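Naming: A, B, ... by sequence-line order, numbering from 1 per chain. If you're wondering where the values come from, they're calculated on a predicted model, not measured in any experiment.
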Protein chains: 2
Amino acid sequence: MSDTFGQTVFEAPGHDHDACIRGALARADALCAERGLRLTAIRRRVLELIWDNHRPTKAYDLLSAISAERGNAAPPTVYRALDFLLEAGLVHKIESLNAFVGCDAGHERGHPKFLICRRCEHVAEIPGPAVDSAIAREAERSGFTVDHETIEIGGICRRCAAAD
Amino acid sequence: MSDTFGQTVFEAPGHDHDACIRGALARADALCAERGLRLTAIRRRVLELIWDNHRPTKAYDLLSAISAERGNAAPPTVYRALDFLLEAGLVHKIESLNAFVGCDAGHERGHPKFLICRRCEHVAEIPGPAVDSAIAREAERSGFTVDHETIEIGGICRRCAAAD
DNA sequence: TGTACAAATGTTATATATTAACGCAAAGCA
DNA sequence: TGCTTTGCGTTAATATATAACATTTGTACA
Ligand SMILES: [Zn+2]
Ligand SMILES: [Zn+2]
Ligand SMILES: [Zn+2]
Ligand SMILES: [Zn+2]
């Protein structure tokens, strides 16, 4: 489970990614149990594939993987699983990449906001209400009622900058 | 030309849209002349079609229009014009809609940020540095260097809210 | 003015992304 | 058990975007 404050928005150097995936799936199991949602085999496997790394995953890469495993899989197979996972808040779509990332933030009140490193392609969510608040203030000036935010910040993460 | 402050981020009631388009094209002509860029007939026409209203325009709608006018036009015709216009900063892509809008903001220092009404589909740019600053602060906490922002806020504009 | 090079466009084909529609099967419920 | 909902398999279509190569147009310069 990632920290939500400080310097470890991106994974820390000693990141135990196996545990990271297990945690994400456990949280998904718990959340679905709690809400009476059915995390079926396909849906769970798609979620696991998305958590395979911290990079955005493309629908057709998921399709290839699922197809290789099960023999039969078509676009609807993966898009339906994605719809479910998006609806449940277990994954997010990165619009600027047409790709999907796992969500570990549990941002009930806020909207997801991403930092995306264009070198290593890792993605992290921006925590906290500061950005949402700034946007809310600007929207209010125009009498605009916000109900969805797509915020995807591209750049270079600390580790990639250090690796020059 | 839209105001960049106050309540007229979206077009005001008396908005003279013919003048609005003429202004946008005149600014494009001037900018291209100044930078030695070639605003060819196709590019200029695509820009004009995009400015036809304040809604995001889809590439294939542009293609239909161009194709109807000239007889010959294929996807590269319009995508190449869009590449040029994007590069020149004359239009922006709305990633969450796969569509394009004209830019009138001239935000040299900042990044484009959009309010998108899901009822009337009109789009306005959020002016000023407040949102960028909030994002810069959050990025800095993670040691992240920002070089691009995709900020697309969906909701209901004042006029649509008033028209209930 | 003619030629040489680069930029822009035409053209065909393909890659990538997403959804529609329909029928069957499994799961949940009375 | 029978009924109903939900999920899934399958086929096809639609939507979005790019690759590759030929041809034309514009521009610079001998
Ligand atoms: Zn991890
Ligand atoms: Zn990085
Ligand atoms: Zn206008
Ligand atoms: Zn509106």
- Considering residues at least two apart in sequence or located in another chain, which fulfil the salt bridge (charged side-chain N to carboxylate O under 4.0 Å, His left out) criterion with E138(B)? R141(B)

- For Y60(B) and dA17(C), what is the distance between atoms OH and P respectively, to the nearest whole Å? 14 Å

- Query: In residues 39-52 of chain B, which ones come under 4.0 Å of DNA chain C, going by heavy atoms?
  - Reply: T40(B), I42(B), R43(B)

- For D83(A), which residues count as a salt bridge (charged side-chain N to carboxylate O under 4.0 Å, His left out) partner, sequence neighbours excluded? none

- Message: Contact between H15(B) and C20(B) at the side-chain level, heavy atoms closer than 4.5 Å - yes or no?
- Response: yes

- Task: Could you note down all residue pairs passing salt bridge (charged side-chain N to carboxylate O under 4.0 Å, His left out) where residues 147-156 of chain A supplies at least one of them, sequence neighbours left out?
- Result: D147(A)-R118(B)

- Note on the structure: Residues passing the salt bridge (charged side-chain N to carboxylate O under 4.0 Å, His left out) test with R119(B), sequence neighbours excluded, are D164(B)

- Task: In whole angstrom, give the distance that lies between atom CG of D61(A) and atom P of dA15(C).
- Result: 15 Å

- Query: Over how many whole Å does the gap from N98(B) atom CG to dT16(C) atom P extend?
  - Reply: 16 Å

- Close side-chain approach of V46(A) to F84(A), heavy-atom, < 4.5 Å: no

- Query: For DNA chain D, which residues in residues 81-93 of chain B have a heavy atom at a distance below 4.0 Å?
  - Reply: K93(B)

- Pairs involving residues 126-137 of chain A, ordered by first then second residue, that meet side-chain hydrogen bond (donor to acceptor under 3.5 Å, both in side chains) (sequence neighbours left out): K113(A)-D132(A)

- Item | DNA chain D-proximal residues of residues 65-74 of chain A, any heavy atom under 4.0 Å | R70(A), N72(A), A74(A)

- Query: Between F10(B) and H54(B), is the gap from one ring center to the other below 6.0 Å?
  - Reply: no

- Query: Could you write nucleotides 21-30 of chain C as a row of B, S and -, 5' to 3', where a protein heavy atom under 4.0 Å of any base atom gives B, of only sugar-phosphate atoms gives S, and otherwise -?
  - Reply: B-----S---

- Looking only at heavy atoms, what is the nearest atom pair of A139(B) and V146(B), with distance? CB-CG2, 3.6 Å

- Query: Nearest heavy-atom pair of S96(A) and T150(B): which atoms, and what distance?
  - Reply: CB-OG1, 4.1 Å

- Message: Is the shortest side-chain heavy-atom distance between L39(A) and L85(A) below 4.5 Å?
- Response: yes

- Query: How long is the span from the CG atom in L82(A) to the CD atom in E87(A), to the nearest 0.5 Å?
  - Reply: 13.0 Å

- residues 36-52 of chain A vs salt bridge (charged side-chain N to carboxylate O under 4.0 Å, His left out), sequence neighbours excluded, gives D29(A)-R44(A), R45(A)-E48(A), R45(A)-E69(A)

- Nt span of DNA chain D in reach of chain B heavy atoms at under 4.0 Å, 5' end first, is dT16(D) to dG26(D)

- Item | Contact list for residues 58-68 of chain B, test salt bridge (charged side-chain N to carboxylate O under 4.0 Å, His left out), sequence neighbours left out | none

- Under 3.5 Å donor-acceptor, H148(A) side chain and H111(A) backbone: no

